[in-house]
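Each chain gets a letter, A, B and so on, in the order its sequence line appears, and its residues count up from 1.
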Amino acid sequence: MWRQIVPAFRITAIFTILTGLIYPALVTAVCQAFFPFQANGSLIRSGGAVIGSTLIGQNFHRPEYLQPRPSAAGNDGYDPTASGGSNLGPTNPKLIERVRAAAAQFRHDNPEATGPLPADLLTTSASGLDPDLSPESALLQAGRIAGARQAPVAAVRELIEKHITGRAAGLLGEPRVNVIETNLDLDRQFPKH
Amino acid sequence: MTSYGVFQVLLYFAVIAALTKPVGAFLAKVYDGERTFLHPVLRPVERLIYRLGGVRENENQRWTQYAGSLVAFSLVSFLFVYAFERLQGLLPLNPQHFGAGQVSPDLAFDTAVSFLSNTNWQSYSGESTFSYLVQMAALAVQNFVSGAAGVAVAIAMVRGFARQQAHSIGNFWVDLTRGVLYVFLPLSLLGALVLCSQGVIQNFHAYEKVKTIEGGRQVIPQGPVASQEAIKMVGTNGGGFFNANSAHPYENPTPVTNFLEIVMIFLIPAGLTYTFGRMVGDPRQGWALFAAMSILFLAGVFVAYPAEQAGNPILAKLGIETAPTNLQPGGNMEGKEVRFGIASSALFAVVTTDASCGAVNSMHDSYTPLGGLAPLFNIQLGEVVFGGTGAGLYGMLLFAILAVFIAGLMVGRTPEYIGKKIEQKEVKMAMLALISTAASVLVFAGISAVVHFSQGGYFNPPGPAIANLGNRGPHGFSELLYAYSSAAGNNGSAFAGINTNTPWFNLSMGFGMLIGRFLFIIPLLAAAGSLAAKKRVPATSGTFPTHGGLFTGLLIGTVIIVGALTFFPALALGPIVEHFLMHEGRLFSGLLTGAWS
């Protein structure tokens, strides 16, 4: 084994340069040339300042905005420097209490929601940064948003429906609504006075 | 389950099945040193590496030299990674100014062992611990070479069956170099570009400071993610750039990237079954292994997927919809992303634990008991369902040796596999590998369940080891069992509610990973050396054919019986009892026993 130490050092050094420096540099060069928007984080700018990323969820508390799923990232949720889930197991009372409270709050804020609530609406995502809601979770908020914006409910529903992304190739993943894009569109179509 | 979900699973399996032969044939050519379409470009680079590395391409190694090279290489890898981690504050590409303060010596040990052993267990959060340089030049380098080392060992094992009266099983340095150069680099390059086109980031910017739409503040980490994400999947490593791993939208932004990532996990492991068949001169032998793996894979998916879709009955009582409709996913969505829903999450969980990948796109800790049992049991079976790059094949060959041994006992004949007599030495080595990993899981998990440390002390500041658990009752025990299974199985996924960033867990899991890697590989290389030296005996009417349905069935039975006999008692204390109690509506808030409802 000791006779192999010299090639071990040399080969490790060679691969550190090849796969640790040249490879990522090459990928960066090609990605920055061909996909600069994606490679730099799909950032949304407004008046020069970055106001978010279409891929990274953010907190919305006000009634006129579509509100995202609860988040376990950071203390206040949607903290991208602390991505992650709640890691609460199915028999943990903390999970049950949290969902019970979130359900009560949602029903209070959205009196039209009388039936069973969609599972994604009351559960935290794996990343804590989920940018999406299921279409039903978004549509259930249309009445509240319309009221807060003094806009017709049907028009708000229509706007949300316009933002539904279907399954990829009609098969992969699940239908979803991007919360940030929808909220930006709400601000454009039904600005709050 | 939805028809979309079932179609996704079947489409995925069809894609893997279709790619197995072309990938496998390519791998066979590469490791036999035949010319491939990449040779015009890469052959000069390969020669240059041998010249700079001081490697003689035509030198053949005995199994002891082969194993010695692997161990020496791992030792040097350890020193490199450890040094990079601890010295990151002095090195460039560190816009967030992380230093040694983020990386204690025990964490640096655990992480270095974790990456060199292809485990990629992470006691840390990438976005708040490591500089870009450490991620790409220390950790991602290990993603390449530990994956390639795994394939090298598998190929050496295959040569044991393919060669006759030979002293050598190949040259480790040559196998390693060829794997990195012709297999992992091109696939990663291609994968990284496709991932980036879909939204995976690739830059060296400082973290982005954001004023959100409602006027709040957000800091969004950046980094060279696409290049690392690609090799993390192709090399079945699984260590995420970010804490949330492949659930993070910057690692896995769409259902398309998700599908691509799980294809990348099984690509090489599935291909290697064909490589095996081709190199021993009978492709049917490879397909028999492929068939056994496929059945175990589909069984895992169709345990986890329905369990997750059925959801949590305790939440259902609170008025949560668990049945899927076209507008919402239903099921157990705690710890899952909307864009993946139930099917893509459960499929990913099964694939990542069939293979020794360990990347996750959903949080296994929040799975229902049976949904979480599937990934846990997959790891405990030895990750032989396609498995890690190389590790899956050599693990399955170990079970093949045991299967023919058991068959031989039943009929009273000396067992043979691929024309080689399976004798005392091979069976002893197979058992040594199997028992050391299983013992490492059960002994460490057992110790952790009872061991006491003083609160605030060095080894485990929270106090007893079970104080680090994120959940109570049987689910807490599952967290422990999963952690040590993941370490010894070199998987790296977690029931992540457990806090393992303390010296006790970092050290004990680090040793678990070393045992799982080296006390598995070295005995297998010994068996390979002994097999290579043997003559091939011609098949007679009394030979048990190992390319048909009977052998496939026997192999599946061996895998399941060995796994179940070893782990059933422990599983009964974790997910199995939790399943029944969950349906009774029981909740757990006391440490390991207390009930609350």
Side-chain angles (χ1 to χ4, degrees), chain A residues 1 4-5 7-12 14-16 19-20 24 27-28 31 35 38-42 50-53 55-56 58-60 80-81 83-85 87-93 96 99-100 103 116-120 123 125-127 129-130 132 134-136 168 171-174 176, chain B residues 49 53-55 68-69 71-73 76 80 127 136-137 141 144-145 192 196-197 199 201-203 210 212 216 219-220 224 227 242-244 247-249 253 255-256 259 312 318-321 327-329 333-335 337-339 341 362-363 365 368 470-471 475 496-497 582 587-589 596:
Chain A
M1 184 187 131
Q4 304 291 345
I5 281 287
F9 265 101
R10 289 185 178 186
I11 293 280
T12 306
I14 293 168
F15 282 138
T16 300
T19 64
V27 173
T28 309
C31 289
F35 319 111
Q38 294 93 319
N40 293 323
S42 306
V50 176
I51 56 168
S53 160
L55 294 178
I56 306 290
Q58 48 182 254
N59 276 318
F60 289 95
T81 60
S83 65
N87 286 314
L88 297 177
T91 53
N92 193 323
I96 310 303
V99 172
R100 193 198 304 272
L117 297 174
D120 65 293
T123 48
S125 63
S127 64
L129 306 174
D130 196 339
D132 301 315
S134 70
E136 188 171 329
L171 183 65
L172 301 178
E174 296 291 329
R176 58 202 190 273
Chain B
I49 292 175
V55 172
S69 305
V71 172
F73 182 65
V76 172
F80 264 65
E127 60 263 50
M136 64 185 213
V141 170
F144 278 97
V145 295
C196 185
S197 75
I201 60 174
Q202 180 73 23
N203 63 58
V210 173
T212 65
V219 175
I220 305 184
S227 55
F242 300 112
N243 185 48
H248 197 294
V256 174
F259 193 80
N312 183 340
L318 299 179
I320 311 301
E321 209 158 339
L327 291 177
Q328 56 87 30
M333 283 298 287
E334 182 71 17
E337 303 281 300
V338 168
R339 60 193 180 282
S362 56
M363 294 301 151
D365 209 350
T368 59
N471 289 284
H475 200 86
M582 177 181 80
L587 303 177
F588 295 88
S589 57
W596 181 97

**Message:** Keeping B:Asn312 on the side-chain end and A:Pro90 on the backbone end, is there a donor-acceptor pair under 3.5 Å?
**Reply:** yes
**Prompt:** Checking A:Asp130 against chain B: side chain, backbone, both or neither under 4.5 Å from a heavy atom?
**Reply:** both
**Message:** Counting heavy-atom pairs under 4.5 Å with chain B, which one of A:Ser125, A:Pro118, A:Cys31, A:Gly52 comes out on top?
**Reply:** A:Ser125
**Asked** Can you tell which of A:Ala103, A:Ser83, A:Gly85, A:Pro135 has the highest number of heavy-atom pairs within less than 4.5 Å of chain B?
**Response** A:Ser83
**Asked** Does B:Glu337 reach the main-chain N or O of A:Ser127 with its side chain, forming a donor-acceptor pair under 3.5 Å?
**Response** yes
**Message:** With side-chain contact (heavy atoms from CB on, under 4.5 Å) as the criterion, how do B:Phe588 and A:Asn92 come out once you've worked through the C-alpha distance, each side chain's angles and the decisive distance to 0.1 Å?
**Reply:** CA-CA 6 Å; B:Phe588 295 88; A:Asn92 193 323; over 6 Å; no
**Message:** Could you walk me through whether B:Ile201 and A:Asn40 satisfy the side-chain contact (heavy atoms from CB on, under 4.5 Å) test, starting with their C-alpha distance in whole Å, then the side-chain angles of each, then the deciding distance to 0.1 Å, before giving a yes or no?
**Reply:** CA-CA 6 Å; B:Ile201 60 174; A:Asn40 293 323; over 6 Å; no
**Prompt:** Between B:Val145 and chain A, which part of the residue has a heavy atom less than 4.5 Å away: side chain, backbone, both or neither?
**Reply:** side chain
**Request:** Could you please spell out the steps behind the side-chain contact (heavy atoms from CB on, under 4.5 Å) verdict for A:Thr19 and B:Met136?
**Result:** CA-CA 8 Å; A:Thr19 64; B:Met136 64 185 213; over 6 Å; no
**Item:** Test side-chain contact (heavy atoms from CB on, under 4.5 Å) applied to A:Leu117 and B:Glu321, step by step
**Value:** CA-CA 6 Å; A:Leu117 297 174; B:Glu321 209 158 339; over 6 Å; no
**Message:** Keeping A:Asp120 on the side-chain end and B:Pro329 on the backbone end, is there a donor-acceptor pair under 3.5 Å?
**Reply:** no
**B:Glu127 versus A:Thr81, side-chain donor and acceptor atoms under 3.5 Å** = no
